[in-house]
Number of protein chains: 2
Amino acid sequence: MAKKEDQPQADSTEQKIFDAAHEVFLQKGMDGAKMQEIADLAGINKALLHYYYRSKEKLYEAVARAIIGHAAPVISQLIESELPLEEKIRHFIDFYIGVISRNPFIPLFIISEINKHPERFIETILPKELPKPQVFMRQVEEEIAAGRIREIHPKHLIINIISMCIFPFIAKPMARFALGLNSAEMKLFLEERRDQVTEFVLAALRP
Amino acid sequence: MAKKEDQPQADSTEQKIFDAAHEVFLQKGMDGAKMQEIADLAGINKALLHYYYRSKEKLYEAVARAIIGHAAPVISQLIESELPLEEKIRHFIDFYIGVISRNPFIPLFIISEINKHPERFIETILPKELPKPQVFMRQVEEEIAAGRIREIHPKHLIINIISMCIFPFIAKPMARFALGLNSAEMKLFLEERRDQVTEFVLAALRP
DNA sequence: CCTGTTTTTAACCAAACGGTTAAACCCTAT
DNA sequence: ATAGGGTTTAACCGTTTGGTTAAAAACAGG
C-alpha cells in the first residue's frame with residue numbers, strides 16, 4: 001500500500017528502493033543507471049523494484065519528479081520573494097551556493113536529463129506552474145527609476161546570477177583545466193565564490 | 001589505411017562513421033549512444049564500425065578527443081591572448097557566444113561526460129598542457145594598479161565570464177522555466193546575451 | 001494453530017546490446 | 001582475365017538488460 005504520491009515511512013523497502021534509485025539516477029542518468037545496481041545498493045532483490053515501481057521509467061519518473069520538486073522552489077525564491085533587492089541578491093547567492101555545494105549533482109542532472117529526453121520532462125515531470133517574475137521585475141525597475149542601480153534587463157540579471165552560482169560547480173573539471181588548479185586549490189576557489197559573486201553582481205549594479 | 005590520428009578524406013566510409021558517431025555521441029553521451037544507431041545514421045553496416053574503430057570505447061575516444069581538441073583552444077584564447085584587456089573581453093564574449101549558439105551541445109557534452117567517466121577523460125582524452133593564465137593575471141593586475149578597473153580576483157573574473165556565456169545555452173529549458181518564456185522569446189533572449197553579458201562585465205569592472 | 005494476504009526470492013525469459021566471422025563484393029595491378 | 005588486396009555485408013554469438021513468474025517466506029487476523 002501507500003503507492004500514491006509521496007514516499008512512505010523511512011526504512012521501508014519502498015523507501016530504500018527510492019533512496020538507492022535517487023543516488024544512482026542522480027549520478028548516472030536514465031541511460032547509465034542499471035536496475036541491478038539500484039537493487040544491489042538498496043540491498044534487496046531486483047524483482048522488488050518492479051513490485052513497488054512497475055518499470056524503470058516509472059521509478060525514474062518518481063525520482064526525477066522529486067529532484068525537480070526540490071529544485072524548482074529554490075529558483076523561484078530568487079524571483080518571487082518580497083525582500084528588498086540588494087538583500088535578496090545577497091541572501092540568494094549565499095543560500096544558493098550553499099545548496100549547490102552540498103548537492104553538486106542536482107543541477108547537472110536536471111540540465112542533461114532534460115536535454116536527452118525533452119518530451120518526458122515537459123509532459124510528465126516538470127511542474128505545471130511557472131515562477132512569477134513580476135515581483136523581481138518591478139523591484140529592479142523601481143531601483144533603476146530611483147537611480148539606485150544601473151539600468152539593466154531584469155531577466156538577464158537573474159540569469160547572470162544563476163549562471164555564476166551554478167556553472168562553476170557543474171563544470172568543476174573544466175574550470176580546473178582552465179585555471180590550472182589542483183583539487184585543494186579548486187575547493188578553496190569554490191568557497192571564495194560566495195563573496196566573489198556577490199561582490200561582482202553588486203559592483204555591476206552600481207549606478 | 002590512414003588509421004593514424006586525424007580523419008581521412010571526406011566522403012570516405014571512415015569519415016561517415018566518424019561524423020555519425022560525432023552527432024550521436026554528442027547528443028546522447030557514451031551510455032545513451034548505440035552502435036546500431038550510429039551505423040544507421042552513417043548508412044552503413046554495423047560491422048564497419050568495428051572494422052575501422054575497434055570498439056565502442058575507441059570510437060568514443062576518437063570523437064571525444066576531437067570535440068575537446070576543438071573546445072580547449074577556444075577557452076585558452078580568453079586566457080592567453082595578448083590583446084588589451086577590455087578589447088579582449090569584448091571580443092571573447094562576442095566570439096564565444098557565437099560559437100556556443102552554433103554548437104550548443106558541446107559544453108554540455110564535455111561537462112556531463114567528464115562527470116560520468118572522470119578516469120577515462122583525465123587519462124586519455126584531456127589535453128596534457130594547460131592554458132597559461134599568466135598573461136591574463138598580469139593584465140588584470142596592471143589595470144587594477146593603474147586604477148582603470150575595480151579590484152577583483154582574475155580567476156573569478158574568468159569563471160564569471162565563461163559562466164554567463166555558457167550556462168544560459170546549456171540550461172536553456174531550465175532558463176525558459178525560470179523566466180517563463182516561450183520558444184521564440186527564448187531565442188530572442190539568447191541573442192541579447194552578447195550585449196548584455198559584455199555590458200554587465202564591463203560595468204562590474206568600473207573602478 | 002491455521003488460513004489468507006502481502007512481501008521477498010531465485011530462476012527464468014525475450015529483447016537489445018557490443019562484438020565476431022566467414023563469405024561476398026569491389027577494386028586495381030599484373 | 002584474374003589473382004590478391006582491401007572493403008562490405010548478413011548472419012551469428014555471448015552477455016547484459018529490463019522485466020516476469022512461481023514458489024517460498026513473513027505476516028496478519030481469527
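Keep in mind it's a predicted model, so treat the numbers as computed, not measured.
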Checklist entry - Out of dG19(D), dT8(D), dT20(D), which nucleotide sits closest to the side chain of Lys46(A)? => result dG19(D)

Next on the checklist: So if I take every side-chain heavy atom of Ile44(B) and compare against dG19(C), dT9(D), dG19(D), which nucleotide ends up nearest?
Outcome noted: dT9(D)

Next on the checklist: Regarding Gln15(B) and Asp11(B), do their side chains bring together a donor and an acceptor under 3.5 Å, going by distance alone?
Outcome noted: no

Checklist entry - Would you say a side-chain N or O of Thr13(A) is under 4.0 Å from OP1 or OP2 of dT8(C)? => result yes

Checklist entry - What nucleotide, of dG19(C), dG6(D), dT21(D), holds the atom closest to the side chain of Tyr51(B)? => result dG6(D)

Item to check | Which residue lies more 5' along DNA chain D, comparing Asn45(A) with Lys34(A) via nearest heavy atoms | outcome: Lys34(A)

Checklist entry - More 5' along DNA chain D: Gln36(A) or Ala47(A), using each one's nearest nucleotide? => result Gln36(A)

Checklist entry - Does any N or O in the side chain of Lys56(A) come within less than 3.5 Å of the main-chain N or O of Ala33(A), such that one atom is a donor and the other an acceptor? => result yes

Checklist outcome for this item: Taken to the nearest whole Å, CE/Met30(B) to P/dC17(C) is 14 Å

Item to check | Qualifying residue for side-chain contact (heavy atoms from CB on, under 4.5 Å) with Leu78(A), from Leu157(A), Ile93(A), Ile162(A) | outcome: Ile162(A)

Next on the checklist: Classify the ring geometry of Phe109(B) against Tyr60(B): parallel below 30°, tilted from 30° to 60°, perpendicular beyond 60°.
Outcome noted: tilted

Item to check | Spacing of Lys58(A) atom NZ relative to dG19(D) atom C1', expressed in whole Å | outcome: 13 Å

Checklist entry - Could you give the NZ-to-C1' distance, from Lys16(B) to dT8(D), as a whole number of Å? => result 11 Å

Checklist entry - Can you say whether the rings of His153(A) and His156(A) are parallel (under 30°), tilted (30 to 60°) or perpendicular (over 60°)? => result perpendicular

Checklist outcome for this item: Rounded to whole Å, the CG-P distance (Leu49(B) to dT7(D)) equals 15 Å

Checklist entry - In whole Å, what is the span from the CE atom of Met35(B) to the P atom of dG19(C)? => result 6 Å

Checklist outcome for this item: Tyr52(B) atom OH is separated from dG6(D) atom P, nearest whole Å, by 11 Å

Checklist entry - From dT9(D), dT9(C), dG18(D), pick the nucleotide closest to the side chain of Leu48(B)? => result dT9(D)

Checklist outcome for this item: To the nearest angstrom, the CD-C1' distance between Glu57(B) and dG19(C) comes to 13 Å

Checklist entry - Expressed in angstrom and rounded to an integer, what is the separation of His50(B) atom NE2 from dT9(D) atom P? => result 15 Å

Next on the checklist: At 4.0 Å (heavy atoms only), tell me whether Ala39(A) reaches a base, stays on the sugar-phosphate, or touches nothing.
Outcome noted: nothing

